[in-house]
Amino acid sequence: MAHTINIKEQENTNSPVTSESKCISRRTFIKDLSIASAGTLALFGSNTGVQSAPIVDEGVKPNILLLMTDQQRRDAMSCSGNWVRTPNLDRIASEGVRFTNCVTTSPVCIPARFSLATGLYPHNTGVWQNGDHTMSPDTHTWMQTLREVGYRTSLFGKTHYYQHQEGIDMRNREHLLHAYGLDDVDEIPGPRASRRVLSHMTAIWQEKGLWAAYRADIEDRLNNKPHVVRPTILGLEHDADVYVGQQAKQYLRNYNRQEPWFCWVSFGGPHEPWDAPEPYASMYDPNAMPPPVPRQPIGNRPRGELDRLMGVNRRNPNFVVGEVERLRADYAGNVTLIDDQIGEILETIQARGELDNTVIVFCSDHGEMNGDYGMIYKSNFLNGSVRIPFLVRTPETLKNGVLNRISESPVEWIDIGPTLVELAGGEIKHQQFGKSLCPVLTNTAETHREFAISEIYRETMLLNQDWKIALNTRREPYLLFDVRNDPDETNNLAGNPDMKKLERELYSQILERLSETQQQMDVEPKGKALVTLGQIKRNELLQNYPNPFNPETWIPFRLADEVKVRIRIWTATGKLVRTLSLGKIPAGDYTSQSQAVHWDGCNEKGESVSSGVYYYSINAGTFSATRKMLIRK
């Protein structure tokens, strides 16, 4: 039977913060922090020596700890950026593998988190941006697979798998998390939603007389100056990230079941607002923060979603001197706060005698611009937004004895689920596109993926070890960066005539990946809703027929709702051949020859196109898909 933790009982008997820390001073805090750091050194072994191989019963399944933050940049760790102190994350990295080329599947919360759970891309789920989406209880997830192979699963923190409107009580939505594969849960909203959504945590704030003040503080920030830097009115004791860390720590300390445990700790920070509590708020010197990447001239190139965002005032504050440095210092303080909570969780596992046999994964759902390009927030394909920290440490990497291993192979964050399932001795049997990283954990020189992709607002980005390219909704390259020689992305080569051949090659790889993942979805049973996406139930773009063809073909599809439909035909190098605009058509099955879209094999000028590989795509409401076809003459 699924178990729900009684948070109120826990609060009365085991307060998340000890009585001594309720009135903590900076001096006392620093002293305590130094003691905790010493304990952390003992926990992981000496800085200079390699820890001797632990003795682990080979027949015992490993426990699994998934640590996740919200909106943490790839460079916001000591081991990756050297401007934030994260001793506990650094030691996870030192005993495992740090993946330097990991991208989120979508650089915004809900699409990314749906993809993590399902192993599907936004072009599969139809979730292209934040909105009122709810993941169906029937959705297949890798968490269910972990439970099926014998794990007791738990979640502490944020998921965002259902709507967070005003008045929602998360304590009445726990049945959804149980259906997704999570047994023991204490879910919280994100920082913004916490002003209007009830949870075990916000109920405590309400009981303590803090919730109204928190709501007023968030509203004041959003209505006046979203990037203002000031400490939370909650203080350290009731800070959301402290709450999540302490609840997970207490759960693991008291865990007494026979099953191995999977514990997902999902912090809400360092997501804005910039409101780290003291002493973390003043821990970093703003003048010591790295400077932001300056915005570059747009130049003569196609435009995309990034260009629109750069014209939105709320995302492009008129920073005064010193503001970017202050918000970065506050952000760093929040990251260190979370790192300290992670350290306490690891100490708890060590005290149980289980750390040597625990798989640890650390990641974030997307990044934060933090002043790069003059912007705040995320939702774009620049490094600060789309590239994320990703660490994997296992009992095997610990026994390996080689410290600080790095993989430069492209990785997608949907690879987390298959990796954890394989480490648990299971196998994912439902359709998904994540790929286990286990081979790379053994050999970091191995290429995991030739490239990784990310999607938002129906745009697509590709990243390999040499290049990053982004296509707008018209399939035009509007971002192109030389990854090795321009790591800060200060020279956008999109639109440069000398880059046309490269753009065509990368474009072709994107189309192939989109087509491949769309066709593989056909193995899913027809009529089975993968996710409930607002009103979206099931839309499909099917294989054209005949294929190969000459001179004409029919393009079949299905619609769940009445929407405007547009179908486009493209060459393999990205040249638009034909646009077929159908206008608004009702929901239905458009698969028969009398109802499917007919293409006569001609371009916009009425000229017959030559033999070769072509792609066709559909845009229907929030649904988008791409397939491949062949003309043979």
Side-chain angles (χ1 to χ4, degrees), residues 2 4 105-106 108-148 153-155 157-165 168-185 187 189-190 193 197 199 262 264 266 365 413-414 416-418 421 428-434 455-456 517-518 520-541 557-563 587-589 620-625:
T4 301
T105 314
S106 183
V108 71
C109 180
I110 296 176
R113 290 166 182 263
F114 273 46
S115 289
L116 174 65
T118 63
L120 302 175
Y121 295 106
H123 69 261
N124 303 129
T125 66
V127 181
W128 292 97
Q129 55 188 300
N130 284 345
D132 292 334
H133 303 302
T134 294
M135 197 162 72
S136 168
D138 296 329
T139 301
H140 294 305
T141 73
W142 54 265
M143 298 91 79
Q144 296 162 349
T145 305
L146 286 180
R147 187 162 61 186
E148 290 165 1
T153 60
S154 60
L155 175 281
K158 179 180 175 181
T159 66
H160 217 157
Y161 288 144
Y162 56 87
Q163 302 171 29
H164 287 176
Q165 307 110 313
I168 286 289
D169 190 335
M170 299 183 112
R171 296 169 296 184
N172 298 328
R173 299 292 192 277
E174 291 176 354
H175 64 280
L176 288 173
L177 300 188
H178 301 328
Y180 302 151
L182 299 165
D183 298 317
D184 304 326
V185 298
E187 187 184 15
V197 173
S199 65
F262 161 73
W264 180 1
S266 184
D365 58 349
W413 103 306
I414 58 173
I416 292 172
V421 168
I428 296 177
K429 297 180 180 178
H430 58 267
Q431 180 64 71
Q432 59 89 47
F433 302 113
E455 299 177 308
I456 190 171
T517 52
Q518 185 63 39
Q520 291 182 33
M521 289 299 296
D522 284 348
V523 306
E524 195 70 31
K526 296 296 185 286
K528 174 71 171 179
L530 298 177
V531 287
T532 302
L533 317 167
Q535 297 300 313
I536 303 294
K537 300 176 184 68
R538 180 70 171 174
N539 294 298
E540 292 181 281
L541 177 65
F557 59 94
R558 294 188 178 98
L559 295 179
D561 297 290
E562 183 179 25
V563 290
D589 190 313
T622 61
F623 174 65
S624 178

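Every heavy atom of this structure was used, including side-chain atoms; hydrogens, water molecules and symmetry mates were not.
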Find the distance between [atom1] ([X]) and [atom2] ([Y]) and round it off to the nearest 0.5 Å.
| X | Y | atom1 | atom2 | answer |
| --- | --- | --- | --- | --- |
| T159 | R113 | OG1 | CZ | 7.5 Å |
| Q144 | H178 | CD | NE2 | 13.5 Å |
| L120 | T517 | CG | OG1 | 9.5 Å |
| I110 | Y161 | CD1 | OH | 11.0 Å |

Please report the shortest heavy-atom distance between [X] and [Y], naming the atom on each side.
| X | Y | value |
| --- | --- | --- |
| A620 | L559 | CB-CD2, 3.8 Å |
| A179 | R147 | O-NH2, 4.3 Å |
| F433 | N124 | CE1-OD1, 3.3 Å |
| N130 | P111 | OD1-CD, 3.6 Å |

Begin from the C-alpha positions of D589 and F557 and carry the test side-chain contact (heavy atoms from CB on, under 4.5 Å) through to its verdict.
CA-CA 7 Å; D589 190 313; F557 59 94; over 6 Å; no
Can a donor-acceptor pair be found between the side chains of Q432 and T118 at a distance below 3.5 Å?
no
With no hydrogens and no angle check, do the side chains of E187 and Y162 hold a donor and an acceptor under 3.5 Å apart?
yes
I'd like to check the side chain to side chain contact (heavy atoms under 4.5 Å, CB included) partners of [X]; sequence neighbours left out, ordered by chain and number.
| X | value |
| --- | --- |
| D169 | R171, N172, L198 |
| S624 | W128, R458, N619 |
| E562 | K584 |

For a side-chain contact (heavy atoms from CB on, under 4.5 Å) check, start with the C-alpha distance between T105 and Y121, then their side-chain angles and the critical distance, and finish with the verdict.
CA-CA 7 Å; T105 314; Y121 295 106; 3.5 Å; yes
Tell me which one of T141, I428, V421 satisfies side-chain contact (heavy atoms from CB on, under 4.5 Å) with L146.
V421
So do [Y] and [X] actually touch side chain to side chain, heavy atoms under 4.5 Å?
| X | Y | result |
| --- | --- | --- |
| F114 | M135 | yes |
| H430 | T145 | yes |
| L155 | S266 | yes |
| I456 | S106 | yes |
| F623 | V563 | no |
| L116 | I416 | yes |
| M170 | H164 | yes |
| Q163 | I168 | no |

With distance as the sole test, does N539 use its side chain to make a donor-acceptor pair with the main-chain N or O of A560 at under 3.5 Å?
yes
Counting N and O atoms only, with roles assigned by atom type, does the side chain of D183 sit under 3.5 Å from a partner on the main chain of T153, one being a donor and the other an acceptor?
yes
Could I get the full list of side chain to side chain donor-acceptor pair (under 3.5 Å) partners for [X], not counting sequence neighbours?
| X | value |
| --- | --- |
| Y180 | none |
| S115 | none |
| E455 | H123 |

